[in-house]
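The figures that follow rest on heavy atoms only: side chains count, while hydrogens, waters and symmetry mates do not.
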Amino acid sequence: MPQPDRLPGAPDFRIKLPKGGGEAHGHLLTEFGGNGTHRFLLHEGSLVAAEAWPGLGDHTRRLRADLRASGALTDAPTEPDRLEATPRWVATRDIVCNSSSAAAALVYGYDTSGPESWRTVEGHPLGDYLSTSWRAPRKAWLVRGSNVSGHNLVRQLWLKEGYVTLAGAHLPPLEESDPTKSTLRRLVEEGYEGAASYSQKRGLVEELHGFLTQMRVGDTVATISDGRFHLGRITGEAAQTISSGGLHNLRRTVAWQPDSHPYEELPEEVQQKLSVQHDVVDLTGVLEALDGLTAPSGQAAPGAAAHGPTTERPAPRELSLPDVTDDLAADLLVHDPSWLEEVRELLVDERQLIFYGPPGTGKTYLAMKLAEYFGGGPEQVKIVQFHPSYAYEDFFEGFRPVEDAETREVAFRLTAGPLRELADLASREGNRHVPHFLIIDEINRANLAKVFGELYFLLEYRTRSVRLTYSGDDFALPPNLFVIGTMNTADRSIALVDAAMRRRFAFFELSPRTEPTAGLLGRWLKREGKDPEPARLLDTLNARIDDADFAIGPSYLMKPGVYRDGGLDRTWRTKILPLLEEHHYGEGLDIAARYGLDSLRQQRP
């Protein structure tokens, strides 16, 4: 039987079986399988997991059974030091598989992605050696050219002659029109050896792949020059040219629009994307916003006609918070709706605020109620509680131990925390006009600089992005993500919060001595039809406490158990007096004589 042809330029790939179970090897073939991808040859001598997991597809199960029956897969010899290891098979001949994914499923015993599972000796995924697969019909790109080695190519070349270009002085002549990432990596490694660092070469590979392979005729292209934002449409394929100084060796023709836009007037989501520090940036995530800059509602975007019939484009929905109503104020027992309106205005302007005050003043309750009201429901609200051991890895992202559901092996994997999860949800297509809220309870109990890390910057500069510590992604906080924190001043004084934190949050005090908390218990008792005595006792108690940070909030007395027989006395003894004991610890004060119910009742309000 003739040997199938190997895909030119593709190396050998391998998969390592878990628990030191050996390796499987193979390579790509030129022939395509039934699913439109290259077939894969599993090499003779490759080791295969004998166990088939429940999720394995029927086709692969039948293939494994047929290979066992024909003798192509036989029991692998047992090694003396692996007596307790999972059983394995060994391939007695080369085996042609329909795709790399089919070969990976055959080896692992469960379905998995072949382009990601098969790796070179250097660790590069097989996917880097495949031609570009399906992509969106129309994408958008940012290409920078306003400061290329001190030259403004946008003003001097692009807008005048209808181009967009990319430097590639050390690249040899390109033989492929759509080179794979592996081809570009080889060319960059050879051409830029000694001329660029490993990080620069890695970034150049990504930019070249985007410009040469991912970019297509009809795509939207954008650039920035002299504070103006220019939009156009790609009209030509990539071409390699010779330029003075190697500043623009790769070019595509572009139909630039005559009008430009001031950078400061761009939508916030576009400004965030433009802050990513690469020469070629995929802007497809904000394509709708870019179309809104060029086409009035009801008209087709430039270049859209080439990709199908035009449809009326709805006007983009704006991000807004619902107005404060009298019903909301009545539900929250806030007698002055203007206080709630001020909270709303600060959220619109600052996007993050903190409710601070002594315990029992309803900080967390109010934060949750307002978040659900302004966000449109609990689905848009996530709550976390900080504590002394809370860290950046818990809050945003980090490598955490995760058990594989199929192999039962534990490995450290990059895992998103609550802020990253909520930010990803808020930035999804269709969600960007919907407010999302993160509530951070007890925000001052953690080491805030340790928890927030580089996110401190994003809290203040919402139109910018930063490179993340673990994933390396360029990340920006979505404009529709709001943060409400709560801070217990009896636990830690507000004065101890660092200046960076105070500058990034608006602070709202909730204290029994100020509105809207003052009088809250009285209003609740009136609404519930109960005796107003507890409100008078609480006011008398707080008048005797000399430190406002240790005042007692009304929520202690807004629970059903307080109003059963003996409930008020029981709550006072077990909830309120112990707090005051701690406050006056070491002073020798008779807490019951000063703050007990009998003492307070003797004093007229």
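- One finds the CD atom of Glu269 at 12.5 Å from the OG1 atom of Thr463 (value rounded to the nearest 0.5 Å).
- Aromatic ring orientation, Trp158 versus Trp256: parallel (interplanar angle below 30°, classes split at 30° and 60°).
- At least one donor-acceptor pair closer than 3.5 Å links the side chain of Gln200 to the backbone N or O of Ser197.
- Between Lys382 and Glu421 there is a salt bridge, since at least one side-chain N of the basic residue sits less than 4.0 Å from a carboxylate O of the acidic one.
- Taking the six-membered ring where tryptophan is involved, the planes of Phe508 and Trp339 are perpendicular, since the angle between them exceeds 60° and thus also 30°.
- The closest donor-acceptor contact from the side chain of Arg432 to the backbone of Leu319 lies at 3.5 Å or more, if one exists at all.
- Distance alone, capped at 3.5 Å, places no donor-acceptor pair between the Arg233 side chain and the Gly218 backbone.
- In this structure, OG1 on Thr220 lies 12.5 Å from CG on Leu142, to the nearest 0.5 angstrom.
- Remark: aromatic rings of Tyr263 and Phe229 are distant, center separation not under 6.0 Å.
- A donor-acceptor pair is defined here as one N or O able to donate and one able to accept, closer than 3.5 Å; no such pair exists between the side chain of Asp219 and the backbone of Ala140.
- Each of Arg202, Arg185, Arg119 was compared with Asp128 under the salt bridge (charged side-chain N to carboxylate O under 4.0 Å, His left out) criterion, and only Arg185 meets it.
- Put simply, the side chain of Asp473 never gets that close to the backbone of Phe475: no donor and acceptor are under 3.5 Å apart.
- Tyr470 and Phe399 have their aromatic ring centers within a separation under 6.0 angstrom.
- Screening residues 361-387 for ring pair (Phe, Tyr, Trp, His ring centres under 6.0 Å) gives Phe386-Tyr390, Phe386-Phe395, His387-Tyr390 as the qualifying pairs, with residues at least two apart or on separate chains.
- Listed for the Trp141 side chain is no donor-acceptor partner under 3.5 Å among the backbone atoms of Met215.
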